[in-house]
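Notes for the one structure printed next.
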Amino acid sequence: MDVAAIVTPIYATEQNRRLEFFDQTVRSVLRQSHQNFVYITIDDGSTVDVGYFLKQYKDSRLRYVNPGNSSSGTPSIPLNKGLDFVIENPADIFAESEKVNLVAVGFLHSDDLLPINSLSSRLSGLSNGFLQTPMAFFREGEGIFRVDQYTGPNAEYCEVAGN
């Protein structure tokens, strides 16, 4: 079965309370209808123990990488480190069967949610080459919005190609 890898960079501190958001992110990944995935968390110099936090889920698909650097201030640097692990050091991250069946690598912010059918719909669309999926966001007190249905402030920046 096709394996998907999801890479999430995280910088968590007591002050930014990132693990509170990240808990919901991890739960959204674990609820995927396509269960054949590896979820790779790249620590970007967190001052709280993200590795211990992930162990509490007791799920072997969760992988933690701590390259031992301080915060880069941007998710692009740890994301690229995560992609480097996937491409250049797959034996450090994947079991042999996962490595052989890996067909996709995606990126997820540590405070985003992944809809339950996200992996299955993305993997089914891979045969078409480029894949675009609707995005959604959450605003406290107003719930979850699909970007293509949002009509609030800055809605003009939320258009989805083809609409």
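All values below were derived from every heavy atom in this structure, side-chain atoms included, with hydrogens, water molecules and symmetry-related copies excluded.
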Just by distance, do the side chain of [X] and the backbone of [Y] share a donor-acceptor pair under 3.5 Å?
X: Thr8; Y: Thr41; result: no
X: Asn36; Y: Met1; result: yes
X: His109; Y: Asp111; result: no

Open item on the list: Applying salt bridge (charged side-chain N to carboxylate O under 4.0 Å, His left out), can you list everything that pairs with Glu96, at least two apart in sequence or on another chain?
Closed with: Lys99
Kindly give the heavy-atom pair with the smallest separation between [X] and [Y], and that separation in Å.
X: Ser46; Y: Ala12; value: OG-N, 2.7 Å
X: Asn117; Y: Ser33; value: OD1-OG, 2.8 Å
X: Asp43; Y: Pro67; value: O-CD, 3.3 Å
X: Arg18; Y: Ser110; value: CD-OG, 3.1 Å
X: Leu123; Y: Val103; value: CD2-CG2, 3.6 Å
X: Ala5; Y: Ile40; value: CB-CD1, 4.4 Å

Open item on the list: Rounded to the nearest 0.5 Å, what separates atom CD1 in Ile93 from atom CD in Glu98?
Closed with: 10.0 Å
- [ ] Run through the side-chain heavy atoms of Ile, Leu, Val, Met, Phe, Trp and Tyr, join any pair under 4.5 Å, and report what else lands in Phe37's cluster.
- [x]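 Reading the cluster by chain and number, Phe37 sits alongside Ile6, Ile10, Leu19, Phe22, Val26, Val29, Leu30, Tyr39, Val48, Val50, Phe53, Leu54, Tyr57, Leu62, Tyr64, Leu108, Leu114, Leu119.
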Open item on the list: Using the side chain to side chain contact (heavy atoms under 4.5 Å, CB included) definition, which of the options Val3, Val105, Val7 pairs with Val38?
Closed with: Val3
